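In what follows, a single structure is set out as structure tokens and then discussed.
Numbered from 1 within each chain, the chains take letters A, B, ... in sequence-line order. These numbers come from a predicted model, not from an experiment.
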Amino acid sequence: MSVTVRTLKQHLDTEVELKGWLYNRRGSGKLLFLQFRDGTGIVQVVMGKADVPEAVFETAKRIGNESSIIIKGRVKKDDRSPIGVEIQGSDLQVIQEVHDYPIQITEDVPNIDKLLDQRHLWIRSRTPHAILRVRSEVVQAIREFYYNKGFVLFDAPMFTPASCEGTSTLFEVPYFDGTAYLSQSGQLYGEAGALAFRDVVVFGPTFRAEKSKTRRHLTEFWMVEPECAFLELDGVMDLAEEQIRYVVSRALDRCKEELKVLERDTSILEQITKPFPRVAYSEMQGVLQKLKAEFAASGDPEKQKLAGDILKGGLNDDLGAADETAIGLHYKQCVMVHRYPRHVKAFYMKKDPVDETKALCVDVIAPEGVGEIVGGSQREDSLDELQRQIEHHKVDPASVSWFVDLRKYGSVPHGGFGMGVERCVQWITGCQHVREAIPFPRTIYRLNP
RNA sequence: UCCGCCUUAGCUCAAUGGUAGAGCAUUCGACUGUUAAUCGACAGGUUGCUGGUUCGAGUCCAGCAGGCGGAGCCA
């Protein structure tokens with residue numbers, strides 16, 4: 001019977017056939033331990049010289065890592081095995097023999113660039129395999145969360161006429177006789193969807209031509225962007241909190257094996273069931289000033305260095321990376337910072353009626369150094385105010401005239417947010433580079449493989 | 001765009017300005033319970049490129065190239 005490693009426990013003490021690849025081999029003159037990989041897991045095949053034909057034993061001894069093979073053997077319970085079972089091998093058939101596989105099994109991530117050159121092969125190894133399985137679970141959890149809430153999946157175009165957010169850099173592509181830009185957010189289209197379907201979610205890749213070279217940036221990344229009619233800022237925060245909590249719990253629940261392989265300390269992730277602190281930007285300034293003094297006075301040189309960079313942008317600016325790190329260290333939980341100064345935020349965000357210098361927006365800052373994973377807001381629903389902001393932010397009016405229409409024909413309060421899938425996966429898996437959280441990462445200096 | 005760091009064997013890294021080294025991987029050998037197996041042996045090099053200083057440069061200097069981390073911007 002042909003089976004997979006994942007289901008082996010259901011076949012105890014039966015003869016099975018496994019199709020896959022040789023992951024690694026240890027052995028002696030008369031006993032071989034083949035680490036066999038089939039994509040669903042890794043199992044040890046034990047092959048005694050006396051138990052198989054001599055030609056089979058010689059083949060098993062000879063073939064190199066990643067040779068494609070078919071194994072026959074009996075499934076045995078074994079407490080020494082990480083998966084509880086091993087295979088008593090009786091036959092091995094080679095599909096393709098390999099001898100020069102370029103990646104070593106002793107794979108930590110000392111030089112990510114060299115491994116990324118081999119990304120098409122590296123994804124077979126334990127660590128990337130585990131991370132990408134968590135990603136798959138995270139994406140599935142996101143889809144189910146919105147589907148179960150009755151949201152309509154509302155796909156936004158990738159080719160767009162112009163920028164959604166004036167400042168960021170866009171990828172230009174030739175488009176017949178003109179120019180198109182790759183989408184950096186589906187949000188504006190999501191707003192049109194929300195006024196048609198009430199609750200929608202845009203989920204797809206987005207593109208940013210930012211020349212960032214950090215552990216947290218990609219030029220192509222996936223973003224989930226819910227957008228809801230009649231949802232105000234508090235509702236946006238509720239939705240973001242509920243969604244993050246759902247996704248993290250699902251990963252903790254269904255990716256235990258993967259997180260074990262990744263040696264992830266899940267103690268902070270498990271705090272996710274507690275409410276997220278919601279701190280107004282103006283209040284956070286005070287918290288940061290206190291943290292700055294506290295870190296400077298601590299004996300820890302790393303914290304002292306961090307203290308120097310806290311509130312570097314001044315008291316009325318966007319929060320910087322040091323501020324986000326400090327917030328993560330202090331709260332050890334996802335923190336929602338709301339009502340930033342309007343001048344640092346995008347044109348479509350609604351102004352705070354209580355304080356016109358602030359926007360009705362929220363950023364969710366994840367702990368453990370990942371930084372911002374969610375940015376959202378209540379949207380400006382007043383036609384006059386939106387037009388003033390378009391002018392003020394120097395957005396091309398022609399390219400957003402359809403968007404302005406949404407404020408002419410049945411405008412209502414509405415809002416939503418965007419969450420970066422890779423940053424979320426980076427946080428959950430604790431992987432060092434966001435590049436590890438996507439199968440084939442695209443960055444400023446990498447387009448291959 | 002700016003700042004800092006790195007580039008030596010397939011990989012990870014050593015080497016006061018004075019003969020180019022180790023671990024892992026590969027190859028060969030030993031081993032019936034290994035889990036990144038272990039042990040033994042062989043082999044592996046135009047020290048990123050170009051120039052300079054020096055009796056002598058992997059090492060010092062300049063330029064270039066590639067990479068990494070960070071700032072800004074963002075998710």
Counting any heavy atom closer than 4.0 Å, what does [X] reach on the DNA or RNA strands: base, sugar-phosphate only, or nothing?
X	result
A:Leu218	base
A:Met419	nothing
A:Val421	nothing
A:Lys114	sugar-phosphate
A:Arg446	nothing
A:Asp309	nothing
A:Asp318	sugar-phosphate
A:Lys49	nothing
A:Gly371	nothing
A:Gln44	base
A:Arg215	sugar-phosphate
A:Asp51	nothing

Is A:Glu86 side chain donor-acceptor paired with the B:rG33 base, going by distance under 3.5 Å alone?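 Flag set: donor-acceptor pair detected.
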Rounding to an integer number of Å, can you tell me how far [X] [atom1] sits from [N] [atom2]?
X	N	atom1	atom2	value
A:Phe36	B:rU34	CZ	C1'	19 Å
A:Lys30	B:rU34	NZ	C1'	16 Å
A:His393	B:rC73	NE2	P	13 Å
A:Arg62	B:rG29	CZ	P	13 Å
A:Lys312	B:rG70	NZ	P	13 Å
A:His217	B:rA71	NE2	P	8 Å
A:Glu210	B:rA75	CD	P	8 Å
A:Leu22	B:rA25	CG	P	15 Å

Check this for me: does any side-chain nitrogen of one of [X] and [Y] sit under 4.0 Å from a carboxylate oxygen of the other?
X	Y	result
A:Asp78	A:Arg80	yes
A:Glu144	A:Arg250	yes
A:Glu258	A:Arg264	no

I want to check one thing: is the phosphate of [N], taken as OP1 and OP2, less than 4.0 Å away from some side-chain N or O of [X]?
X	N	answer
A:His433	B:rC68	no
A:Arg26	B:rA36	no
A:Arg435	B:rG69	yes
A:Arg25	B:rU26	no
A:Lys213	B:rG69	no

For A:Gly320 and A:Thr219, take the nucleotide of RNA chain B holding the closest heavy atom to each; which residue's nucleotide lies nearer the 5' end?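 Going by which nucleotide is closer to the 5' end, it is A:Gly320.
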Contacts of A:Pro82 and A:Val434 projected onto RNA chain B by closest heavy atom; the upstream (5') one is A:Pro82
Who does [N] pair with, Watson-Crick or G-U, both distances under 3.5 Å?
N	result
B:rC73	none
B:rC5	B:rG67
B:rG17	none
B:rC60	B:rG52
B:rG44	none
B:rA22	B:rU12
B:rA36	none

Expressed in whole Å, how much space separates the [atom1] atoms belonging to [N] and [M]?
N	M	atom1	value
B:rU46	B:rC42	C1'	24 Å
B:rA36	B:rC55	C1'	48 Å
B:rG33	B:rG10	C1'	31 Å
B:rA43	B:rU54	C1'	36 Å
B:rG45	B:rA20	P	14 Å
B:rA57	B:rU8	C1'	14 Å
B:rU7	B:rG48	C1'	6 Å
B:rU47	B:rC6	C1'	14 Å

With centres under 5.5 Å and planes under 30°, do A:Phe221 and B:rA75 count as stacked?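 According to the criterion (under 5.5 Å, under 30°), yes, A:Phe221 stacks.
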Examine distances only and state if a side-chain atom of A:Asp323 and a backbone atom of A:Gly320 form a donor-acceptor pair shorter than 3.5 Å.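 Yes; judged by distance alone, with no hydrogens or angles, the pair exists.
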A:Arg442 (side chain) donor-acceptor with A:Leu447 (main chain) under 3.5 angstrom: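 Yes; judged by distance alone, with no hydrogens or angles, the pair exists.
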Can you name the side-chain hydrogen bond (donor to acceptor under 3.5 Å, both in side chains) partners of A:Lys345, sequence neighbours left out?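 Checked A:Lys345 against side-chain hydrogen bond (donor to acceptor under 3.5 Å, both in side chains); matches are A:Asp363.
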Would you call the rings of A:Phe347 and A:His393 parallel, tilted or perpendicular if under 30° counts as parallel and over 60° as perpendicular?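 A:Phe347 and A:His393: tilted rings.
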Going by the angle between their ring planes, with limits at 30° and 60°, are A:Tyr281 and A:Tyr340 parallel, tilted or perpendicular?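 Aromatic pair A:Tyr281/A:Tyr340 classed tilted.
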Given B:rC74, B:rG33, B:rU34, which nucleotide is nearest the side-chain atoms of A:Leu31?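 Side chain of A:Leu31 sits closest to B:rG33.
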With distance as the sole criterion, is a donor-acceptor pair present between the side chains of A:Gln187 and A:Glu191 under 3.5 Å?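 A donor-acceptor contact under 3.5 Å links the two side chains.
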